[in-house]
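The figures that follow rest on heavy atoms only: side chains count, while hydrogens, waters and symmetry mates do not. Please read these numbers as outputs of a predicted model, since none were measured by experiment.
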2 protein chains.
Amino acid sequence: MPKRVDHEARRRQIASAVWRLASTRGLDGVGLRDVAAEAGISLGQLQHYFSSKNELFTFALKHMEQLATNRITERVQALSATPSPRLVLRECLAEMLALDDNSRTGVLAQIAYFVRAIHDEQLRGYAQQGTPELRRFFAGLLREGVARGEVPADRDPDSEAMLLIGLIDGLNSYLLLGVHTAEQALRLVDYHLANLFSRAPRPRPAEEPAG
Amino acid sequence: MPKRVDHEARRRQIASAVWRLASTRGLDGVGLRDVAAEAGISLGQLQHYFSSKNELFTFALKHMEQLATNRITERVQALSATPSPRLVLRECLAEMLALDDNSRTGVLAQIAYFVRAIHDEQLRGYAQQGTPELRRFFAGLLREGVARGEVPADRDPDSEAMLLIGLIDGLNSYLLLGVHTAEQALRLVDYHLANLFSRAPRPRPAEEPAG
DNA sequence: ATCTTTCTAAGTCAGCTGTATTGGATCGCC
DNA sequence: GGCGATCCAATACAGCTGACTTAGAAAGAT
């Protein structure tokens, strides 16, 4: 049984072509012929790997999500052995922000997915189950901040976690619209973190990258 | 020259049909034939009032924006003669949130517009000029809060205003996805406002609606 | 060498899209 | 009455879409 090409690798390559297109025209403006051209293959070849547009988009979605979580976990694990909760939080938030061209494409893809999820029950369920995970992760970091005495005790970690998640999405929106720049968005995040960790000493320069 | 029908009223009526459809399928899923059917008119009639799809959508956008600002200003002016900045802020934020079916449609329309603006230079310019206005308005309220001694002096009104705007958009996203309910979203807003106005006494029950 | 499976290309099809065109109502006014 | 503007309906059209079909190329297995 000849298996000359790596099926999954091809599928990922095609999926990335989807996002390259979707990040410039929006998901709804992407046709199968466009994807084939962008990926440098024929329409027939594309249909050999994905039997329907829906299957292609679903795969592309999961692929994108995988890449995003990989970027975040890599970034967090690249920190010192015992990073402060504040720093971990900052790195996560910074990575989720559409600061450079790379993450910008990721966020655009995420928005295209979000818009579709609003009107698609299946995708909506997918999002509903993903967000609480992130929220719990953030809340845990904040709880640790409270335990360390860096975050005022009257702050509710769970609420603050949700506020942070919402904040990122909102900032991304206005980032993409060009209402503010990457530096301004990052400054706002740092400003908000400084308010949250108001009991903490200013972070060491070695830990806190230049904002 | 006979002018039997109110041209502008018809156009507004058609525009509202656009948003009714867009709020359930997304803007890209709305065709001219759908709009005509939803508005209860023929395609030919629609084309009589809007010479192109672009003109229709542009008009619909401005119409929607008008309705939203009307809702907000009405709500603010319905307050007592000298409302506290905190209360004005809360009413604005509450009105911007997709809490009931009415505002939900508005927010869905707003998102459809946002997605289009990301990839459309003209619309993007429109958004870029609108946001700072709102930001200045919020910042002014916060500045007044600082002057009254209700908001800690180390809070930066301008940054906090932008954070509030971003927060609303983020909360709306997760509201639409069903990640949290209207009550939870409103509670988060009140929680955040309580943090902002930490130097203020608890608002009088007459001023602060039950949350 | 030939068979079998995987892979690729090209063409076709029905359906939908926005727009243009055409024809005919309906009304105020000279 | 009929003239002219406004309003409306129906149809036609070219373009694109996703899906399907057909046919052929490539390569390991026998």
How would you list, by chain and number, every residue that makes a side chain to side chain donor-acceptor pair (under 3.5 Å) with B/D100, sequence neighbours excluded?
B/S103
Checking B/R25 now: which residues fulfil salt bridge (charged side-chain N to carboxylate O under 4.0 Å, His left out) with it, not counting sequence neighbours?
B/D34
Which pairs pass side chain to side chain donor-acceptor pair (under 3.5 Å) with one or both residues in residues 162-178 of chain A, sequence neighbours excluded?
A/D169-B/Y174, A/Y174-B/D169
Sequence neighbours excluded, the answer for salt bridge (charged side-chain N to carboxylate O under 4.0 Å, His left out) partners of A/R104 is none
Measure from the side-chain N and O atoms of B/T105 to the backbone N and O of B/D101, and report whether any donor-acceptor pair falls under 3.5 Å.
yes
In residues 23-45 of chain A, which ones come under 4.0 Å of DNA chain C, going by heavy atoms?
A/R33, A/S42, A/G44, A/Q45
Contacts of A/R155 that satisfy side chain to side chain donor-acceptor pair (under 3.5 Å) - sequence neighbours left out
A/E160
Under 4.0 Å, heavy atom to any atom of DNA chain D: which of residues 47-62 of chain B qualify?
B/H48, B/Y49
Side chain to side chain donor-acceptor pair (under 3.5 Å) against A/R75, all qualifying residues, sequence neighbours excluded:
A/E91, A/E95
Pair up each side-chain donor or acceptor in residues 113-127 of chain A with any protein partner under 3.5 Å, not counting sequence neighbours, and list the distances.
unit_1, atom_1, unit_2, atom_2, d
A/Y113, OH, A/L123, O, 3.4
A/R116, NH2, A/D28, OD1, 3.2
A/H119, ND1, B/T24, O, 2.9
A/H119, NE2, B/G26, N, 3.4
A/D120, OD1, A/Q122, N, 2.9
A/D120, OD1, A/L123, N, 3.1
A/R124, NH1, A/I118, O, 2.9
A/Y126, OH, A/E65, OE1, 3.2

Under-4.0 Å side-chain N/O to phosphate OP1/OP2 contact, A/R10 with C/dT8
yes
Atom pairs and distances, side-chain donor-acceptor, residues 56-64 of chain A, under 3.5 Å, sequence neighbours left out:
unit_1, atom_1, unit_2, atom_2, d
A/T58, OG1, A/N54, O, 2.8

Please determine if a side-chain N or O atom of A/H7 lies less than 4.0 Å away from the OP1 or OP2 oxygen of C/dC7.
yes
Helix axis bend for the helix from C/dA1-D/dT30 to C/dG23-D/dC8 - C1'-based end axes, five pairs, 10° rounding:
20°
Sequence-distant partners of A/E144, side chain to side chain donor-acceptor pair (under 3.5 Å), two or more places apart
none
